[in-house]
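Scroll down for the structure; my scribbles are underneath it.
Remember, predicted model here, so these are calculated numbers, not experimental data. Order of appearance sets the numbers: ligands from 1, and atoms from 1 within every ligand.
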Amino acid sequence: MRLAETIVVMTFGLLLLCLLAWLGGCGSSTYQPTEDPLFEKASFPVGVGVDSRGRFSDGSRFGALAFHHFGRITPGNALKMDALRPAEDIYDFDEAERFIALCEREGKPVWGHTLVWHLQTPTWLLNFDGTAEDWRVLLSDHIASTAGHFQGRVMAWDVVNEAFEDDGRLRDSLWRSHLGDDYLADAFRWARQADPDAALFYNDYGIPFHPAKLQAVLSMIDDFQTRQPPVPIDGVGLQMHITDTEPSIEAIRHVLSELSARDLQVHFSELDVSMNLNGLHATWTPELAERQGQRFFDIVRVYRELPSHLQAGITVWGIGDGDSWIRYFFNRLDWPLLFDEDYEPKPAFFGFVEGLAD
Ligand code: XIL
């Protein structure tokens with residue numbers, strides 16, 4: 001081969017190699033997260049809440065990180081009533097089924113979220129015109145059918161989500177207004193009947209922020225536990241939509257001690273640390289990143305103070321900052337999660353890891 005030909009062949013070969021490397025980096029099946037799996041470092045479950053639609057295809061960083069770093073998956077929307085009930089007489093489990101089957105193939109237990117909530121209800125429900133008994137049948141059927149359908153495949157259910165106002169009053173949701181206050185207890189009973197092996201949780205936000213809300217939740221639990229027979233409840237999910245300063249670790253500790261005294265499991269559900277609540281920051285800075293890292297460390301540490309048999313786990317609410325619900329729900333720039341927009345681990349991730357260390 002003449003020199004000119006050799007040079008052409010070598011250049012072509014080099015270009016081909018570059019193209020292959022680029023394709024690999026772009027992410028198809030070769031993407032490998034750089035850090036060791038986060039969940040394997042913890043003595044309690046570490047999970048993530050994710051939307052089931054899209055981005056789980058082979059090689060997506062989102063999907064790869066979800067299954068690499070987290071030991072348990074909460075479908076962020078797929079099990080809510082609006083997702084499952086397109087019409088009054090139709091249950092559509094297809095999307096939830098597909099997603100849960102994927103989690104099963106990945107060997108990840110699934111946390112069910114949520115059976116009874118005042119939001120993300122289907123529109124037909126708002127126009128549902130029935131007697132109190134019709135409403136009762138509707139809710140009991142929803143719980144029996146949903147928890148029954150996934151019996152043995154969903155390890156725990158957030159049976160009721162956000163039933164209390166911050167001032168401790170029972171929220172005037174459509175469930176309460178049609179079924180009366182005892183819909184709460186009924187929901188837990190129906191869930192136990194539908195899936196006797198699933199752990200049953202009450203899930204709410206702001207509990208460590210609002211003493212009156214904490215008192216209301218504790219009174220509900222005391223009531224459940226002292227009835228004859230007791231109303232089944234296994235734990236409380238504290239939605240950790242928090243900032244780097246609020247609530248204080250002391251306030252969280254107080255909630256943990258009240259719940260442990262009642263022998264309830266505690267789930268730090270929906271953890272994200274907002275760093276831009278007032279929208280004052282236009283850019284992400286190393287200083288904010290460090291403060292957030294410290295906050296994740298402190299949250300993991302205070303969680304570890306719980307007796308281990310009451311540790312239901314910590315669930316982070318999303319993977320990369322770019323997908324956080326805070327951005328689209330509140331229409332606010334924020335950086336609340338463990339990974340940045342490019343799915344690179346942040347100081348938040350390393351703070352979490354350090355929090356798990358001895
Ligand atoms: C959020 C989801 O993450 C979003 O995708 C959806 O648009 C709105 O709901 N409390 C809850 C969660 O219990 O179900 C909410 O999840 C966040 C607040």
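Every atom of ligand 1 is numbered from 1 in the order shown, and the set under 4.0 Å from a heavy atom of H113 is 11 (C), 12 (C), 13 (O), 14 (O). Numbered from 1 in the order shown, with element, the atoms of ligand 1 that lie under 4.0 Å from a heavy atom of N161 read 11 (C), 13 (O). Near E270, meaning under 4.0 Å from any of its heavy atoms, are these atoms of ligand 1: 10 (N), 11 (C), 12 (C), 13 (O), 17 (C), 18 (C). Per-residue contacts place W117 under 4.0 angstrom from the following atoms of ligand 1 (heavy atoms of the residue considered): 14 (O). Heavy-atom contacts of Q120 reach the following atoms of ligand 1: 6 (C), 8 (C), 9 (O) (cutoff under 4.0 Å). Distances below 4.0 Å separate heavy atoms of E162 from the following atoms of ligand 1: 10 (N), 11 (C), 13 (O).
The protein atom (non-hydrogen) at minimum distance from atom 5 (O) of ligand 1 is Y328 OH, 2.5 Å. Atom 3 (O) of ligand 1 has as its closest protein heavy atom W317 NE1, 3.0 Å. The protein atom (non-hydrogen) at minimum distance from atom 1 (C) of ligand 1 is K80 NZ, 3.7 Å. Closest protein heavy atom to atom 2 (C) of ligand 1: N77 OD1, 3.7 Å.
Judged by the 6.0 Å distance and 45° axis criteria, K108 is positioned over the aromatic ring of F39. Stacking of K346 on the aromatic ring of F352 is not recorded, the 6.0 Å distance cut-off and the 45° axial limit not both being met. Geometric assessment of R85 against the ring of Y91 yields a positive cation-pi assignment under the 6.0 Å and 45° thresholds.
Of all heavy-atom pairs spanning H69 and P33, the tightest one is NE2-CB, 4.2 Å.
Taking the six-membered ring for Trp and thresholds of 30 and 60 degrees, F67 and F56 have ring planes inclined between 30 and 60 degrees apart.
Rounding to the nearest 0.5 Å gives a distance of 11.5 Å between CG of D195 and CZ of R153.
Looking at R301 and D298, no side-chain N of the basic residue comes within less than 4.0 Å of a carboxylate O on the acidic one, giving no salt bridge.
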